[in-house]
Undergrad: 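One structure is given below, represented as C-alpha cells, and several questions about it will come after.
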Number of protein chains: 2
Amino acid sequence: MSEFKLHCFALSGNSYKVALFLALAQQKWEQVFVDYLNGETRTREWRETVNEQGEAPVLEHQGKKLTQSALILDHLAQVTGKFGPENEEERQEIWRWMLFDNHKFTSYYATLRFMYGLQKSGETPVTQFFRERVRAAYQIVDNHLGKTPFLVGERLTIADLSLAGYVFMPEDTGISKSEFPNIEAWKARIQAMPGWQHPYDLMPGPTSAI
Amino acid sequence: MSEFKLHCFALSGNSYKVALFLALAQQKWEQVFVDYLNGETRTREWRETVNEQGEAPVLEHQGKKLTQSALILDHLAQVTGKFGPENEEERQEIWRWMLFDNHKFTSYYATLRFMYGLQKSGETPVTQFFRERVRAAYQIVDNHLGKTPFLVGERLTIADLSLAGYVFMPEDTGISKSEFPNIEAWKARIQAMPGWQHPYDLMPGPTSAI
C-alpha cells in the first residue's frame with residue numbers, strides 16, 4: 001500500500017502540481033479518479049466527505065485529507081525533504097510565487113484553457129478578458145525567469161511545481177508559446193528532470209471535455 | 001518612527017487585509033500611498049524598486065519589502081504574536097482558507113466590484129461570468145461560517161482578515177447581502193472588534209474610480 005493517495009483527474013493542472021511532485025520525488029502513490037466533468041465535485045456528498053471547497057486535488061496522507069495544491073506541496077516538501085525551502089528567506093520567496101500562481105498565473109490560464117481550449121467556446125468577451133489577464137501574469141513570470149533558472153534560485157522548488165500546473169497542457173488558448181521565451185526555457189528544464197511525465201500520462205480520466 | 005510601512009490605497013481590499021491586521025493588533029504604521037488608478041504599479045520603476053509582481057500591498061519591515069497579502073499576514077502574526085495559528089493543524093486550516101481566498105473568494109469579487117461597482121461597466125458577459133463565480137465561492141464560505149463563528153475555530157485569525165479584504169467595500173456588485181446571512185453575521189463579529197475601521201477610513205487616496 002502506498003503512503004499517498006491523490007484525488008485527481010488528467011485535465012486538472014492543479015492536481016498535476018501534486019502528481020508531478022510525487023513523480024519527481026519518486027514516491028509511490030495511489031490515484032482516486034475525480035469525475036469533475038460529470039459534476040462529482042459539486043455533489044453534496046463529495047463536499048461533505050472529501051472537500052467542502054469543492055476542488056481537486058485532495059491528498060490523503062496519514063489518515064488526513066489535505067486540500068489546496070500549494071498547501072499540499074508545502075506538506076510534501078516537509079515530509080519528503082524534497083523541493084522545499086532551505087531557510088526563511090526561501091520560504092517567503094516560494095510562498096510569494098505560489099500565491100501569485102493561485103491568484104493569477106494558474107487561475108487565469110486555467111479558466112481560459114477550460115473555456116477556449118476544452119469547451120470550445122470560441123472567442124467571447126470572457127475569453128478576451130482572460131487572455132489579456134493571462135498575458136499580463138505570464139509577462140511578469142517571463143521577466144522573472146529571464147533573471148533566474150528556476151523561480152527561487154538555482155534549483156527546482158515547489159514554487160516551480162505550482163506554476164507548472166497548466167504549462168504543459170496541449171490545448172490551444174490563442175496565445176503563442178513564442179511570446180514567453182523564458183517560460184519555454186524553464187519548461188524545458190523541468191521536462192528534462194528524471195521522472196517527469198506529461199499530465200495526461202500521469203493522471204487518470206478523459207483528456208477532452210466534449 | 002513606526003516599525004511598519006504599508007504601501008496601500010483606500011480602494012484596495014488586498015491592502016485592507018494588512019491595514020486591518022495592524023489596526024486590530026494596535027500597531028503603529030506609516031502609509032505610503034500607491035497611485036494605482038494612475039498606473040503607478042504598472043511603471044517599470046515601481047516594478048523594479050517596489051514589487052515586480054505589480055501589486056499592492058507591500059509591507060516594509062526591518063529593511064525588507066514583503067508582498068502578497070497572505071504572506072504578509074503570516075509574517076505579521078509571527079512577529080506580533082497575534083491572530084496566528086496555535087498549532088500545525090490550525091496553520092494548515094488558516095492557509096487552506098487564505099489560498100481559497102486568493103484563488104476565488106477575494107479574486108472574483110474584487111474583479112466584479114472593480115468593473116461593475118467602480119468603473120460602472122454596466123452588465124456585460126464578463127460581469128455576469130464573475131458574479132456567478134462570486135456566488136459559488138461565497139456560498140462555500142457561507143456554508144462553512146454556518147458551522148463556526150470564525151473561519152478557523154472560535155477566534156479571529158489571519159484567515160478571517162484575508163477573506164475580509166473586500167466584504168466591507170460599499171460598491172454595488174449586483175449581489176444582495178441577504179443571500180449570505182452567515183457571512184453577514186461574521187462581518188458583524190469582525191466589525192465589533194476594538195480598533196476596527198472601514199477601509200476608506202483606514203487607508204489613503206480616492207474612494208471612487210471615475
Side-chain angles (χ1 to χ4, degrees), chain A residues 14 41-42 44 47-48 51-55 58 64-75 78 88-89 91-108 110-111 115 121 124-130 132-133 136-137 139-144 146-148 162, chain B residues 14 41-42 44 47-48 51-55 58 64-75 78 88-89 91-108 110-111 115 121 124-130 132-133 136-137 139-144 146-148 162:
Chain A
N14 283 311
T41 59
R42 293 189 294 280
R44 176 183 288 255
R47 295 207 170 184
E48 283 177 0
N51 182 7
E52 68 179 309
Q53 293 178 339
E55 299 173 330
V58 176
K64 288 175 71 173
K65 288 194 183 76
L66 278 167
T67 69
Q68 290 293 343
S69 60
L71 189 57
I72 296 172
L73 290 171
D74 176 69
H75 175 76
Q78 284 184 42
E88 175 63 12
E89 191 174 332
R91 189 188 73 85
Q92 292 189 338
E93 280 294 293
I94 284 172
W95 272 105
R96 183 167 79 94
W97 286 106
M98 292 203 298
L99 285 160
F100 185 77
D101 181 52
N102 274 266
H103 181 192
K104 295 184 173 171
F105 186 85
T106 273
S107 172
Y108 296 148
T111 305
M115 290 185 293
S121 65
T124 70
V126 180
T127 60
Q128 287 173 334
F129 177 89
F130 274 96
E132 196 178 304
R133 296 282 179 123
Q139 192 60 59
I140 284 166
V141 172
D142 198 72
N143 291 348
H144 184 75
K147 295 177 282 185
T148 171
S162 185
Chain B
N14 284 310
T41 59
R42 293 188 294 279
R44 176 182 288 256
R47 294 207 171 185
E48 283 177 1
N51 182 8
E52 68 179 310
Q53 293 178 340
E55 299 174 328
V58 176
K64 287 174 70 175
K65 288 195 183 74
L66 278 167
T67 68
Q68 291 292 344
S69 60
L71 189 56
I72 296 173
L73 289 172
D74 176 69
H75 175 76
Q78 284 183 42
E88 175 62 13
E89 191 175 331
R91 189 188 74 85
Q92 292 189 337
E93 281 294 293
I94 284 171
W95 273 104
R96 183 166 79 94
W97 286 106
M98 291 202 299
L99 284 160
F100 185 78
D101 182 52
N102 275 267
H103 181 191
K104 294 185 174 171
F105 186 84
T106 273
S107 172
Y108 296 147
T111 305
M115 290 184 293
S121 65
T124 70
V126 180
T127 60
Q128 287 173 334
F129 178 88
F130 275 96
E132 196 178 305
R133 295 282 179 123
Q139 192 60 60
I140 284 167
V141 172
D142 197 72
N143 290 347
H144 184 74
K147 294 176 284 188
T148 171
S162 186

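Naming convention: chains lettered A, B, ... in sequence-line order (proteins, then strands); numbering from 1 in each chain. Because the structure is predicted, anything quoted here is derived from the model rather than measured.
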Undergrad: Name the region of B:Thr127, side chain, backbone, both or neither, that has any atom closer than 4.5 Å to a heavy atom of chain A.
TA: neither
Undergrad: Test side-chain contact (heavy atoms from CB on, under 4.5 Å) on B:Leu71 and A:Leu99 and set out the steps.
TA: CA-CA 8 Å; B:Leu71 189 56; A:Leu99 285 160; 4.0 Å; yes
Undergrad: Side chain from CB out, backbone as N, CA, C, O: work out which of these in B:Ile72 comes under 4.5 Å of a heavy atom of chain A, or both, or neither.
TA: neither
Undergrad: What part of B:His144 lies closer than 4.5 angstrom to a heavy atom of chain A: side chain, backbone, both or neither?
TA: both
Undergrad: Mind listing the closest non-hydrogen atom pair of A:Ser69 and A:Asn102 along with its distance?
TA: OG-OD1, 4.4 Å
Undergrad: Search all heavy atoms of B:Thr41 against all heavy atoms of B:Gly54 and return the closest pair with its distance.
TA: CB-O, 3.5 Å
Undergrad: What residue in B:Arg42, B:Gln139, B:Arg91 has the most heavy-atom pairs under 4.5 Å with chain A?
TA: B:Arg91
Undergrad: Given a strict heavy-atom distance threshold of 4.5 Å, which part of B:Phe100 is in contact with chain A: side chain, backbone, both, or neither?
TA: both
Undergrad: Counting only non-hydrogen atoms closer than 4.5 Å, does B:Gln128 touch chain A with its backbone (N, CA, C, O), its side chain (CB onward), both, or neither?
TA: neither
Undergrad: Please say whether more than 12 non-hydrogen atoms of neighbouring residues, nucleotides or ligands are located less than 6.0 Å from CD in B:Glu132.
TA: no
Undergrad: For B:Asn143, which atoms come within 4.5 Å of any heavy atom of chain A: side chain, backbone, both, or neither?
TA: neither
Undergrad: Answer yes or no: is there an ion pair linking A:Glu52 with A:Arg44, defined by an N-O contact shorter than 4.0 Å?
TA: no
Undergrad: Would you say the ring centroid of B:Tyr108 lies under 6.0 angstrom from that of A:Tyr108?
TA: no
Undergrad: For B:Arg47, is it the side chain, the backbone, both or neither that has a heavy atom under 4.5 Å from a heavy atom of chain A?
TA: side chain
Undergrad: Under 3.5 Å, is there a donor-acceptor pair linking the side chains of A:Gln68 and B:Gln92?
TA: no
Undergrad: Could you tell me which portion of B:Glu93 (side chain, backbone, both or neither) has an atom closer than 4.5 angstrom to a non-hydrogen atom of chain A?
TA: neither
